[in-house]
Amino acid sequence: QVQLVESGGGLVQPGGSLRLSCAASGSIVSINTMGWYRQAPGKQRELVAAVPSGGTANYADSVKGRFTISRDNAKNTVYLQMNSLKPEDTAVYYCNADCTIYSRRGVESGNYWGQGTQVTVSS
């Protein structure tokens, strides 16, 4: 199995910055796409940004120009640098990863979620 552990959430004033981190561990052969989703109260979970291994990142229109996703493949870690934060960015942010893992049946693929980290943007 795979464990995704997020960190870096918190309370920040509008216009401020936060950096989220998510480290993957477990019986990992390789990680394809890593990404960040968010869910605000009363709303559906939505994609914020994602980056495939060796590929180009894609972003939700609402965060383009303000958020930057990056990854360190050697550390199986993905980051989300969030600048110019707005109150509407307030949500629980979840890390997601498509992984190929070792299992009892050999090698298999799966999709995994972190536990979520709260980001609150408020004055």
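Looking at E6, its side chain does come within 3.5 Å of a backbone N or O of Q115 through a donor-acceptor pair. Under the 3.5 Å distance criterion, the side-chain polar atoms of N96 are left unmatched by any main-chain donor or acceptor of G114.
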Would you be so kind as to tabulate the donor-acceptor pairs closer than 3.5 Å made by side chains of residues 33-46, with sequence neighbours excluded?
residue: R38; atom: NE; partner: E46; partner atom: OE2; Å: 2.7
residue: R38; atom: NH1; partner: D89; partner atom: OD1; Å: 3.0
residue: R38; atom: NH1; partner: Y93; partner atom: OH; Å: 2.9
residue: R38; atom: NH2; partner: E46; partner atom: OE2; Å: 3.3
residue: R38; atom: NH2; partner: S62; partner atom: OG; Å: 3.3
residue: Q39; atom: NE2; partner: K43; partner atom: O; Å: 3.1

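Listed by first then second residue, pairs satisfying disulfide (SG to SG under 2.5 Å) with a partner in residues 29-82 number zero, not counting sequence neighbours. For residues 40-123, every residue pair satisfying the disulfide (SG to SG under 2.5 Å) rule, not counting sequence neighbours, is listed here: C22-C95.
Annotation: the span from D72 atom CG to Y79 atom OH amounts to 5.0 Å, rounded to 0.5 Å. Here S25 contributes atom OG and K75 contributes atom NZ; the two are 14.5 Å apart, rounded to the nearest 0.5 Å. Separating the CG atom in N111 from the CG atom in D98 is a distance of 4.5 Å, to the nearest 0.5 Å.
Under the salt bridge (Lys or Arg N to Asp or Glu O under 4.0 Å) criterion, R105 pairs with E108, not counting sequence neighbours. For S122, the side chain to side chain contact (heavy atoms under 4.5 Å, CB included) partners two or more places apart in sequence, or in a different chain, are L11, T120. For V29, the side chain to side chain contact (heavy atoms under 4.5 Å, CB included) partners are T100, Y102, V107, not counting sequence neighbours.
Between A97 and L4, the closest heavy-atom pair is N-CD1, 3.9 Å. Nearest heavy-atom pair, M82 versus L20, reported as atom, atom and distance to 0.1 Å: CE-CG, 3.8 Å. Closest heavy-atom contact between V119 and L18: CG1-CD1, 3.9 Å. Closest approach of G116 to V92, counting heavy atoms only: CA-CG1, 3.8 Å. When all heavy atoms of S53 and R71 are compared, the pair lying nearest together is N-NH1, 3.2 Å. I69 approaches A57 most closely through the heavy-atom pair CG2-CB, 3.5 Å.
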List the steps and the verdict of side chain to side chain contact (heavy atoms under 4.5 Å, CB included) for L47 and N58.
CA-CA 9 Å; L47 174 69; N58 64 287; 3.5 Å; yes

Apply side chain to side chain contact (heavy atoms under 4.5 Å, CB included) to residues Q118 and T90 and explain how you reach the verdict.
CA-CA 8 Å; Q118 177 70 47; T90 296; 4.0 Å; yes

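The shortest side-chain heavy-atom distance between S27 and S103 does not fall under the 4.5 Å cut-off. Contact check for I31 versus N73: no side-chain heavy atoms found under the 4.5 Å cut-off. Side chains of V2 and W113 form no contact here, defined as non-hydrogen atoms less than 4.5 Å apart.
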